[in-house]
Structure formats: C-alpha cells, structure tokens
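Heads up, the thing below is written out as structure tokens.
Naming convention: chains lettered A, B, ... in sequence-line order (proteins, then strands); numbering from 1 in each chain.
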There are 2 protein chains.
Amino acid sequence: MDAGAPKFRRRKADRPAEIVSAALAVFAEKGFAAAKLDDIARRAGVSKGAVYLYFETKEDVFRAVVGQAIAPNVAIVKAMAAAHPGPLADLLRGVSAHVARIVSMTPLGGVLKMVVGEAGNFPEIARVWHDELVSQALGAMAVAIEAAQARGEVKPGDSRIYALQLIAPLLVAVLHRETFEPVGATPFDLQAVMAQHIDTLLCGLLMEGART
Amino acid sequence: MDAGAPKFRRRKADRPAEIVSAALAVFAEKGFAAAKLDDIARRAGVSKGAVYLYFETKEDVFRAVVGQAIAPNVAIVKAMAAAHPGPLADLLRGVSAHVARIVSMTPLGGVLKMVVGEAGNFPEIARVWHDELVSQALGAMAVAIEAAQARGEVKPGDSRIYALQLIAPLLVAVLHRETFEPVGATPFDLQAVMAQHIDTLLCGLLMEGART
DNA sequence: GCGAAATAACTGACTGATCAGTTATTAATA
DNA sequence: TATTAATAACTGATCAGTCAGTTATTTCGC
C-alpha cells in the first residue's frame, strides 16, 4: 500500500451524477430488487454510506435513474409535436432515424426494460413514464397523423394505432436486444429495422396520390 | 369455527397446478424477487411447506410458470410453420387474429413482462424462451415470407425484419396493457390493433399484382 | 506563508427486518 | 393403524439503512 495515497476525495458536486450512472448500470443488469446498494456504491467508487448522503432510500436512487432517462427524450417528443407542415413521409423518416440513433447509443433500452419489469412495484414510476413520455409521444404522433389525414394525405384509420404501429418494431427490437442477445439471439440492426419499416408502412399508410 | 370441517385436504395430484397458477399471478404482479413464497402458498390455499413438497426452490416454481406458458404456444408456432400454400395475406390474417385472441385471454402478457424483467437474473429462462418461442416464431414467419417472395407475391426485403414488423405492435400493445393501464393509460384494443396493422402492412408488403 | 482548529465528506462495521428453505409435528385417508 | 400430505414454528443468510468515528479540505490566527 502507498501510504501517501489518500483513501478518498471530497467531490460533493460530482457524486450524485456518478452514483446515478453506476446505479443505472447495476439496475439495468439486475433489476431493482436484485441490485445491491453495496454494488452500486463500489461501482461509483464510494462507500454505501456515501450513497445515503445524497439519496434517502434505494427507491430514491431508482427514481433518479428512471427520471434522468426521460428528460433528454422529452425534447424529442417536443420536436415531434412541433407542427410539421410538410408531407408526413419526411416527418416519419426524420423522427424514426433520430429515435433509432438515440436508442442505439444510450442506455434507454435498459431503462425501458426496468420500467416494464418494475412497473408493478413502482406505480409512481410507471405513471411518470406514461404521463411524460409514452402518452406524450403517442399523442404527438397521433396529432401529426390526424393532420395528414385532414390534408387527405393519409388513409382513414385510428391515428393512435397508426402511431403504435410506427414505433412498435423499434421498441421490440430494443427489448429483443436487452433480453435475448445476451443468450445468443441474432441481433436486429435498429437502423435497418426502422428504414425497412417506414418504407413498408408508408406504402400502406399514404393515399394513392400522395406516394413520394 | 366449524369443528367438523377438516383443516386441509390431501390432494397430491392437484397441488402442483394450483401452485403454479397461484405463482403466475403473484410473479406477474410483483416480479420474481419481490414475490414471497408465503403469498404464493396462501393464494394456492396451502402452507409454504407444501410448496416445497412439489418444488425444490423458488426458481423451480418460476421455471414451471414460465415453461408452462410456452407449451400451448409452441402449437401456434407449429401451425404457422406448417407450409401454408395459399396467399400470404390469408396466413397473416389468420395467424394474427389467433395470436391476438390467445394473448387477450391468457396471462401470457404477464409472463412476457416477467421474462423481460428477469432475463438478466435468469439467463437460462431467457434462453428457453428465445430458443423455443421467439426464435421459432420469428423463423417460421420468415420462412413463410421468403416462400411468398419466391412466388413473387411479396416485395424484396429482409424477411426476418418483416416478421418483426408483423408481430411488434401486438407485443407492444400487450406490454402497454401490463405496464401502463394500471396507472390510467388508455387501453389499446388488441383485435383492432392487429386488424388495422395487417391491413396497413399488407398494402406495403405485397407486389402490385398480388393485392387481394 | 504555516501550523492548528474547524468543518464536512466519507467510511465501514453494525443492526434489525425480511424471507427462502428446513424440520418436528399433526391430521387426513386407505 | 400405517402412511404420508400438510402444517407451522424455526433457522440462517442476506441486505437496506444507521451512525460513531476517520480523513480530506478549508479557514483562521499568527
């Protein structure tokens, strides 16, 4: 042991973010109940006691992790909600590529898995995710689709279901990755899935005259 | 208390099924870790000790629950795999309606939620689900789609992704039901989702000449 | 500048509750 | 009465949360 090396640093400002980041990794791997606070603390490079300087309870840490994953995505929702005048095809292509990229490069998939798995035990978290993310995103897409229907661009049909059809393959591909790739499943390429899906769907969605 | 009433019945043959059924309900509600064996036993109308007469461990009970949900569905997979000569549209409509009905009326959705949530902690279960259900179903659909492509009935494209596109809205609708309906989300009607989805998708999937 | 005193970030051993799994005992049935 | 399904009280391991003490850092007197 180097006697001169300090046992720890005092870095109050950075700790919460480091703990949340470590917790995300552990929660995503183990789920809420099976995640040990000692593991989270060790991965964050602090003792368990330090975690309790910044968070009240384990649930509190979980809330912070799940909540943090919403914020950057509300922006996307807003971008989608922004009344897009042009042809729906452009909007869908743009949005889907963007979302696919986000989901590929962030741990959002792991958070999604956690929310699905723990929704029963944490209704409050399920509610936040639904109200601030799921409901918003579905609603915004539905509005855009209804506008396109009003313009005579899109066939009649339930706009909320159209929105579901649009996003579903991406979500399933992500859950497939999180759930089955670790046990040897052949991966889906998210970009490829969305590209092919938009092409197929547009063909069935647009009125004959509106095909690009 | 009725002194004449027996404290319990000896019904060795029926117990395992009753315990698995009770366990399904508790696991689906709480997840694996948060489910208490005392709760499962109480719901099954027996003591905890009785559970251990029929199952080695809690994991064993979980395996039984998840495995049981596969068996009836492998039949569906086989039915789909059975070389269907006719137009793809008929096959898809039939299969999707069937699957939607099954998922509506059985606790398969709850099991799906459990598998997603606990896959990290039980790779073996994730593997069984993947190898016996997910991989089989995707493969069978892909084969049917490739056959239709060879007949010149379906447009070129990745058949495995086509299969994913086909089933994804149903899965997402089910997870939406399991995860967000308890906190006030507007439900999706599974039959309606599949009906509209197949209509939309077929339009983008089929060659111009093959439209029914 | 330069120790010494004050502050507070941080540690890690401890505690109390929970719960999977065990076992000594009871009671239903053949 | 013999057999064994079933019970209920028990045990031991685990882990969230606590707290008395330790150490890095800041501040102040000189």
### Near-strand residues of residues 14-27 of chain B, defined as heavy-atom separation under 4.0 angstrom from DNA chain C
none

### Query
How long is the line joining NZ of B/Lys58 and C1' of C/dT18, in whole Å?
11 Å

### Summary
B/Phe55 atom CZ is separated from C/dT22 atom C1', nearest whole Å, by 18 Å

### Message
With a 4.0 Å cutoff (strictly under), does any side-chain N or O of A/Tyr54 reach OP1 or OP2 of C/dC10?
### Response
yes

### Query
Do you know which two heavy atoms are closest between B/Tyr162 and B/Gln149, and how far apart they sit?
CE1-NE2, 3.7 Å

### Task
May I have the distance from B/Phe32 (atom CZ) to C/dC19 (atom C1'), rounded to whole angstrom?
12 Å

### Task
Check B/Leu91 against B/Ala144 and note the closest heavy-atom contact, atom names and distance.
CD2-CB, 3.7 Å

### Query
What is the minimum heavy-atom distance between A/Val65 and A/Met114, and which atoms define it?
CG1-CE, 4.1 Å

### Query
Which word best sums up how the rings of B/Phe62 and B/Phe122 line up, parallel for under 30°, tilted for 30 to 60°, or perpendicular for over 60°?
tilted

### Query
Which residues, if any, of residues 35-51 of chain A bring a heavy atom under 4.0 Å of DNA chain C?
A/Val46, A/Ser47, A/Gly49, A/Ala50

#### Entry: Pairing of A/Asp199 and A/Arg93 as salt bridge, 4.0 angstrom limit
yes

### Message
Starting the side chain at C-beta, find the nucleotide from D/dA5, D/dG17, C/dA9 nearest to B/Leu53.
### Response
D/dA5

### Query
Going by an N to O cut-off under 4.0 Å, is there a salt bridge joining A/Arg15 and A/Glu18?
yes

## Note on the structure
CD1 (A/Ile40) and OG (A/Ser21) are apart, to the nearest 0.5 Å, by 11.0 Å

### Query
Pick the nucleotide of DNA chain D nearest each of A/Ala34 and A/Glu56; which residue has the one closer to the 5' end?
A/Ala34

### Task
Could you tell me the separation between the NZ atom of B/Lys155 and the SG atom of A/Cys203, rounded to the nearest 0.5 Å?
3.5 Å

### Query
Rounded to whole angstrom units, what separation is found between the CG atom of A/Asp60 and the C1' atom of D/dG17?
13 Å

### Summary
All heavy atoms of B/Leu166 vs all of B/Met194, minimum pair found to be O-CE, 3.7 Å

### Divergence of helical axes at both termini of the helix from C/dG1-D/dC30 to C/dA30-D/dT1 - five pairs an end, 10° steps
0°

### Task
For the residue pair B/Phe180 and A/His130, categorise the inter-ring angle as parallel (less than 30°), tilted (30 to 60°) or perpendicular (more than 60°).
tilted

### Task
Run the salt-bridge test on A/Asp60 and A/Arg63 with the 4.0 Å N-O cut-off and return the result as yes or no.
yes

